[in-house]
Asks: 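Have a look at the structure that comes next, please.
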Amino acid sequence: MRVLISGASIAGPTLAYWLHRAGFEVTVVERTASLRTGDGGQAVDLLGPAVEVVERMGLGAQVRRHRTTTDVMTLVRPGRGDVSIHGAELLAGVSDRHVEILRGDLARVLHAATAEDVEYRFAKTITAIEDTAVTFSDGAREHFDLVVGADGLHSGVRRLIFGDERGYRHFLGAYLAVYSLPDFLGLDGRVLSYNTVDRAVALYPTKRPGQARAVFLIRNPELDYDHRDAAAQRALLRTLAGGLGWEVPTLLTHLDAAGDFYFDSISQIRLGSYSRGRVTLAGDAGYGPGPAVGGGSSLALVGAYVLAAELAAAGGEHTVAFPAYEAAMATPIAASRRIGPAVLATLIPRGPAQVWTMAQALRVLPHLPLPLRRRLTSFGGGPAAMLDGVDLRPFPGTARLQQRVPGA
Ligand SMILES: Cc1cc2nc3c(=O)[nH]c(=O)nc-3n(C[C@H](O)[C@H](O)[C@H](O)COP(=O)(O)OP(=O)(O)OC[C@H]3O[C@@H](n4cnc5c(N)ncnc54)[C@H](O)[C@@H]3O)c2cc1C
């Protein structure tokens, strides 16, 4: 059976790995001209069952080799004395099984594990899907038994099948901006965080010597802007972050020179069902819990594994596998949707009192007993608990695959 996957980041290559292992013939199309690894991109968290998925792929050691850590996190309070906490103390609240890795490094490991067995086609997108017939951006037309959109928050496959995202994108009330800049403060392993009313700004070192990355979280009503116009988004960030203290004016002077500027709303994808006919979605495309706030990478890895397992068990019969996949993912997806609002409420102060409380909480945190520390820093159970209920069954032996559809 031929399966076409759109998107070569986390969900796509993971799904490709397991489907190939189950005997499917897999093709992956990716919009970018090559793997989007750059200097690694943002750090993402793999928790519990997501770590188990990469272990089962035999990639645990490789993934751990790329793990990143935070030495010290400092809450900067101009004029009032900074508060610092060791990364290990902060992360004690996350999970016993947790790996932080740059998204680009993870994508590279997953791609390398599949590149020999799966056909990757870069600089290509899907422009139409009619039952088994798929049309690509270069005009070519081919038949596939199944199509999976693993193409992220603004999925093209999803738009083709479920229409414009305005119908099912749920805005969480904040914006995220990220870009790289020279490490003008000599961070040396430190993460600096400046939290003020309705704004949170962080600065952390990247793996590239002399480089840092700035992250802005901005609480604001929903804005109307052109998603393809980076200049307009830079201007928006200048307006939204204008007037902030600390080093923010200097951070903004580096905005125009940043080649990797990212600006997006923090929104969740909330579709009732994310499968229709022979098409389904995996990862952020189907159930993105919000960038940077909700453990989307773990959900993407686990979702891809569960989908492949259900397809293998059902011999590729999508009418059986897709509902089983959605049923298995329902609880973690529902849990993931509670994390974003809790994280934003914690990280972006609503008033001066919360700015003060945050500093006091960080001060006492290292002195609290571990269970209490864990409760306070896990955002109400949060990212780690989201996957607690997931039963990662052993990958099933493949039932005999269905015949290919005519033309496929
Ligand atoms: C700034 C930032 C910080 C984040 N921090 C965290 C974190 O700390 N922890 C965490 O767990 N998660 C975090 N995330 C979220 C995490 O990156 C995503 O949840 C995760 O990458 C989802 O993986 P995915 O494979 O579903 O989609 P993506 O990683 O978004 O990949 C989608 C892929 O599809 C490709 N694509 C897009 N459109 C098309 C198209 N039309 N046709 C073909 N290909 C297409 C893209 O180029 C990309 O390669 C963060 C995200 C951002 C942006």
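As the structure lists them, so they are numbered: ligands from 1, and atoms in each ligand from 1. Values in this document were obtained by computation on a predicted structure and should not be read as measured data. Counting begins at 1 with the first residue of the sequence.
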Asks: Side-chain contact, heavy-atom cut-off 4.5 Å: Glu100 with Asp45?
Replies: yes

Asks: Answer with side chain, backbone, both or neither: which part of Ala107 has a heavy atom less than 4.0 angstrom from an atom of ligand 1?
Replies: neither

Asks: Return yes if a side-chain donor-acceptor contact under 3.5 Å exists between Arg103 and Ser297, otherwise no.
Replies: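 Side chains of Arg103 and Ser297: no pair found under 3.5 Å.
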
Asks: Give me the nearest non-hydrogen protein atom to atom 19 (O) of ligand 1 as residue plus atom name, then the distance to 0.1 Å.
Replies: Asp284 OD1, 2.9 Å

Asks: Which atoms of ligand 1 sit under 4.0 Å from any heavy atom of Val178?
Replies: 1 (C)

Asks: Among protein heavy atoms, which lies nearest atom 30 (O) of ligand 1, and at what distance?
Replies: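 So the nearest neighbour among protein heavy atoms is Gly152 CA, 3.6 Å.
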
Asks: What atoms in ligand 1 come closer than 4.0 Å to a heavy atom of Gly283?
Replies: 26 (O)

Asks: Keeping to residues at least two apart or across chains, list the side-chain hydrogen bond (donor to acceptor under 3.5 Å, both in side chains) pairs with something in residues 302-313.
Replies: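 Counting only pairs at least two positions apart or across chains, the side-chain hydrogen bond (donor to acceptor under 3.5 Å, both in side chains) contacts touching residues 302-313 are Arg56-Tyr305, Glu310-Arg393.
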
Asks: Please could you name the atoms of ligand 1 that Tyr262 approaches to less than 4.0 Å, counting only its heavy atoms?
Replies: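 Listed by number with element, the hits are 53 (C).
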
Asks: With a 4.5 Å cut-off on side-chain heavy atoms, are Ser180 and Arg213 touching?
Replies: yes

Asks: Considering heavy atoms of the protein only, find what lies nearest to atom 13 (C) of ligand 1 and give residue, atom and distance to 0.1 Å.
Replies: Val44 CG1, 3.7 Å

Asks: Would you say that Val44 contacts Ile101 through its side chain, given a criterion of any heavy-atom pair below 4.5 Å between the two side chains?
Replies: yes

Asks: Hey, would you say the Phe24 and Phe144 ring centroids sit under 6.0 Å apart?
Replies: no

Asks: Looking only at heavy atoms, is any part of Ala43 under 4.0 Å from ligand 1, and if so is it the side chain, the backbone, or both, or is it neither?
Replies: backbone

Asks: Does an N or O from Ser298, backbone or side chain, lie closer than 3.5 Å to an N or O of ligand 1?
Replies: no

Asks: Nearest protein heavy-atom contact for atom 17 (O) of ligand 1: which residue, which atom, what distance?
Replies: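 That would be Gln42 NE2, 2.8 Å.
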
Asks: Could you tell me, atom by atom, which parts of ligand 1 come under 4.0 Å of a heavy atom of Arg103?
Replies: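 In order of number, 17 (O), 21 (O), 29 (O).
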
Asks: Any idea which protein heavy atom is nearest atom 50 (C) of ligand 1, and the distance to it?
Replies: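 Here the closest protein heavy atom is Ala292 N, 3.3 Å.
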
Asks: Do any nitrogen or oxygen atoms of Arg31 come within less than 3.5 Å of a nitrogen or oxygen of ligand 1?
Replies: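 Yes, since at least one N or O of Arg31 sits under 3.5 Å from an N or O of ligand 1.
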
Asks: Show which atoms of ligand 1 fall inside a sub-4.0 Å distance from at least one heavy-atom site of Thr125.
Replies: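 So the answer, numbered in order with elements, is 40 (C), 41 (N), 42 (N).
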
Asks: Determine the sole option in Phe322, Phe162, Tyr287 for which the ring-ring contact (aromatic ring centres under 6.0 Å, His included) test with Tyr274 is passed.
Replies: Tyr287

Asks: Verify whether one side chain among Glu222 and Ser265 offers a donor that lies under 3.5 Å from an acceptor in the other.
Replies: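 Glu222 vs Ser265: no donor-acceptor pair found between side chains.
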
Asks: To check your reading of the model: name the closest protein heavy atom to atom 37 (C) of ligand 1, its residue, and the distance in Å.
Replies: Asp151 O, 3.3 Å

Asks: What is the ring orientation for Tyr225 with His227, classed by angle as parallel under 30°, tilted 30 to 60°, or perpendicular over 60°?
Replies: tilted

Asks: Give yes or no for whether the N/O distance cutoff of 3.5 Å, strictly under, is met between Glu30 and ligand 1.
Replies: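 Yes, since at least one N or O of Glu30 sits under 3.5 Å from an N or O of ligand 1.
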
Asks: Show which atoms of ligand 1 fall inside a sub-4.0 Å distance from at least one heavy-atom site of Ile10.
Replies: 20 (C), 21 (O), 23 (O), 25 (O)

Asks: With side chains defined as the heavy atoms from C-beta onward, is the minimum distance between Leu181 and Leu203 less than 4.5 Å?
Replies: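 A side-chain contact exists here, since the closest heavy-atom pair is under 4.5 Å.
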
Asks: Any side-chain heavy atom of Thr125 sitting closer than 4.5 Å to one from Ser6?
Replies: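 SC-SC contact between Thr125 and Ser6 ruled out.
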
Asks: Near Ser6, which atoms of ligand 1 are under 4.0 Å from a heavy atom of that residue?
Replies: 42 (N), 43 (C), 44 (N)

Asks: Return the CD1 to CG distance between Ile269 and Leu153, rounded to the nearest 0.5 Å.
Replies: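 With rounding to 0.5 Å, CD1 (Ile269) is 5.0 Å from CG (Leu153).
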
Asks: Which bit of Leu176 is near ligand 1, meaning a heavy atom under 4.0 Å away: side chain, backbone, both or neither?
Replies: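 Side chain only.
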
Asks: Considering only non-hydrogen protein atoms, determine which one is nearest to atom 16 (C) of ligand 1 and report residue, atom name and distance to 0.1 Å.
Replies: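 Going by distance alone, atom 16 (C) of ligand 1 is nearest to Ser297 OG, 3.4 Å.
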
Asks: Is there a polar contact, in the sense of an N or O pair closer than 3.5 Å, between Ala11 and ligand 1?
Replies: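 Yes: some nitrogen or oxygen of Ala11 is under 3.5 Å from one in ligand 1.
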
Asks: For atom 29 (O) of ligand 1, which candidate among Ser9, Gly104, Gly296 holds the nearest heavy atom?
Replies: Ser9

Asks: Check each atom of ligand 1 against the heavy atoms of Asp45 and keep those under 4.0 Å away; list them by number with element.
Replies: 7 (C), 8 (O), 9 (N), 10 (C), 11 (O)

Asks: Return yes if a side-chain donor-acceptor contact under 3.5 Å exists between Ser84 and Asp82, otherwise no.
Replies: no

Asks: Rounded to the nearest 0.5 Å, what separation is found between the CZ atom of Arg219 and the CG atom of Leu344?
Replies: 7.5 Å

